[in-house]
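Here's the structure, in structure tokens; my notes come after.
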Amino acid sequence: MQRLKAVECKEPMSIEDRVVPRPLAVRATEVPELKNFVDGDFVSGDHFFEDLNPADGTVIARVSEPGPAIVDAAINAARRALRGEWGKSGVRQRAALLYKIADGIEARFDEFVRAESADTGKPVALASRLDVPRAAANFRVFADLIKTAPLEAFETETPDGKHALNYAVRKPIGVVGIITPWNLPLLLLTWKVAPALACGNAVVVKPSEETPASATLLAEVMRDAGVPNGVFNLVHGFGEGSTGEYLVSHPEINAVTFTGESRTGAAIMKACAEGVKPVSFELGGKNAAIVFADCERDETIQQMSDAVFLNTGQVCLCAERVYVERPIFDWFVSAMKQKAESLHIGWPADSATILGPLISAGHREKVLSYFGKARELGANTVTGGGVPTFGDARDHGFYIQPTILTDLPESSCCVKEEIFGPVCHVTPFDSEEEAIAMANDTEYGLASSIWTRDLKRAHRVARQMKTGITWVNCWFLRDLRTPFGGVGLSGIGREGGMHSLNFYSELNNICIRL
Ligand code: NAD
Ligand code: 6OD
């Protein structure tokens, strides 16, 4: 945790502050109950927690927190599935099942969109454009890939004249624990479930406690697509002291793949150390954008608005640090201000809405505390910095204004720590070297973007970025075959394309003397 401490604010939130307060078992209400999915059946235990709609703070579901016995049952079911028919399944059969799952998601497209939007508060338009299509695409891409994945093979000649053929076969890694966050719930869950199933594993997934709905719908799709019992299991609940911690510490889990905060990654890594379990981590970011004076101006503002504000800034890839070449600094700040002020903050179902709420009251407190610290440290709040009022039920939701800050020292906690809200800090630079040095001066290293019309410079600067991905004149433009992941506090390993297949399988090299 030493590396994490180095960038914390003077008054960091303690672990206790970050633990979501758990409502006690709630009384039966009219809201639907979201159950766990174990061995092909929907099951509940004795404890429940509330699922809130962040747009107006209403309770939209009561969710079963399973407890150890149900989590054990899920893991045992997964193990049995591997010993049974699923363990013998071939690539064609698994690929066919993945296509059926994709079809199943598309057949219930509107239900998925409604569930995702109600859980997160994200605009229906965004869930329809991004989250749900990507979920179906995740299954299709990994079905295509597993069918065409080559075997690694070498013909070997040793100095003393022996000949051999080496080839590596792919086997499932076993029972995979999958833990995901709340910002792009279905997209991020299916990004891991699809390759895990493609490789023949059985999975136990735990979505975020904030967003249990789309994962529950996915369990119905799995059942209806004919996924054998025990291959896909879903357990709800919290992290520390709850389902998440229990799952990752369980001796019968063979590998853990996690997306979430860097601090949570550190805790999970500790839990996995005992059994030397392989981990794949996609963690936080404090991403930089470098805007050169020769950029395509209108296009850059349009796309930088997404890079900062999409999903109310709750995308791990969002640019929270923007470095702008000095001759266009004033223009950039004023154009981004105008853009931010034009973004419609509204009800998720309103087709004009660009910005929904943040995920929770607790998260809004955290983001607002950074706005407060920025002011104390002498920042200029160019726009935003507060909470909008509506005069209706949205005032009980967790909305926040899109915010642009300038004039903070680069060492300030608001420039160093991930805020995960609709906010960026803009700093001028005078030379390419200075911009690169400031962009790389972070313990994170997930994504970066470069905005210029000079192709040579784009190549030169991109290579020097200490990040897992660098976009040039675009942002969050994805090809699912490419490596995705981060350096430093942003993660361990890469997923995407063959990188996913390699994480979710064990390679057995066979050496045959010829
Ligand atoms: P989080 O780490 O608080 O929670 C993520 C998941 O981990 C949840 O399901 C939670 O219940 C579980 N969890 C928490 N503590 C645990 C423990 N001790 N053991 C096991 N499970 C535990 O993250 P969040 O607040 O849900 O999501 C926001 C964070 O995720 C941000 O930091 C963001 O940058 C990051 N993120 C990264 C990527 C990426 O691809 N790199 C993608 C999306 C989000
Ligand atoms: O596009 C992806 O595959 C991916 N993992 C995106 C992560 C976004 C973070 O919030």
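All ligand and atom numbering here is 1-based and tracks the order in the structure. Values in this document were obtained by computation on a predicted structure and should not be read as measured data.
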- Message: Geometry only, no angles: is N183 polar-contacting ligand 1 at N/O separations under 3.5 Å?
- Response: no

- Message: Return the CH2 to SG distance between W451 and C474, rounded to the nearest 0.5 Å.
- Response: 6.5 Å

- Classify the ring geometry between F232 and F37 as parallel (under 30°), tilted (30 to 60°) or perpendicular (over 60°). tilted

- Message: Test of understanding: given a 4.0 Å heavy-atom threshold, classify the contact between F484 and ligand 1 as side chain, backbone, both, or neither.
- Response: side chain

- Note on the structure: Note: heavy atom closest to atom 2 (C) of ligand 2, options K192, R478, E282, Q314, belongs to R478

- Note on the structure: side-chain hydrogen bond (donor to acceptor under 3.5 Å, both in side chains) filter on E410, not counting sequence neighbours, yields Y323, T427

- Query: Are any of the heavy atoms in S208 under 4.0 Å away from ligand 1?
  - Reply: yes

- Does an N or O from S262, backbone or side chain, lie closer than 3.5 Å to an N or O of ligand 1? no

- Have a look at ligand 1 and work out which part of L283, if any, has a heavy atom under 4.0 Å from it: side chain, backbone, both or neither. backbone

- Item | Verdict with supporting geometry, S242 and E209, side-chain hydrogen bond (donor to acceptor under 3.5 Å, both in side chains) | CA-CA 10 Å; S242 176; E209 56 274 26; over 6 Å; no

- Proximal atoms of ligand 1 relative to P207 (non-hydrogen, under 4.0 Å): 9 (O)

- Qualifying residues under side chain to side chain contact (heavy atoms under 4.5 Å, CB included), relative to H396, sequence neighbours excluded: none

- Item | Of the listed options T264, L247, T211, closest to atom 1 (P) of ligand 1 (non-hydrogen atoms) | T264

- Considering only heavy atoms, does H363 approach ligand 1 within less than 4.0 Å through its side chain, its backbone, both, or neither? neither

- Message: Does only the side chain of L184 get under 4.0 Å from ligand 1, or the backbone, or both, or neither? Count heavy atoms.
- Response: neither

- Task: Mark up the atoms of ligand 2 that fall under 4.0 Å of a heavy atom belonging to L188, in ascending order.
- Result: 4 (C), 5 (N), 6 (C), 7 (C)

- Does a side-chain N-to-carboxylate-O contact under 4.0 Å join E417 and K373? no

- Query: Mind checking whether S490 has an N or O less than 3.5 Å away from an N or O of ligand 1?
  - Reply: no

- Contact region, I268 to ligand 1, non-hydrogen atoms below 4.0 Å, reads side chain

- Query: Can you find a non-hydrogen atom of R134 under 4.0 Å from ligand 2?
  - Reply: yes

- Report the part of E210 in contact with ligand 1, treating N, CA, C, O as backbone and CB onward as side chain, heavy atoms under 4.0 Å; options are side chain, backbone, both, neither. neither

- Task: With side-chain contact (heavy atoms from CB on, under 4.5 Å) as the test, would you mind laying out the steps for D103 and F139 before giving the verdict?
- Result: CA-CA 9 Å; D103 293 344; F139 284 100; over 6 Å; no

- Using non-hydrogen atoms of the residue, decide whether F281 is closer than 4.0 angstrom to ligand 1. no

- Query: Which of the atoms of ligand 1 are close to L188, meaning less than 4.0 Å from one of its heavy atoms?
  - Reply: 42 (C), 43 (C)

- Mind telling me whether F420 and W182 have parallel, tilted or perpendicular rings, with 30° and 60° as the class edges? perpendicular

- Message: Which option wins on minimum heavy-atom distance to atom 21 (N) of ligand 1: G244, G485, P212?
- Response: G244

- Message: With heavy-atom distances below 4.0 Å as the criterion, list the atoms of ligand 2 near N183.
- Response: 9 (C), 10 (O)

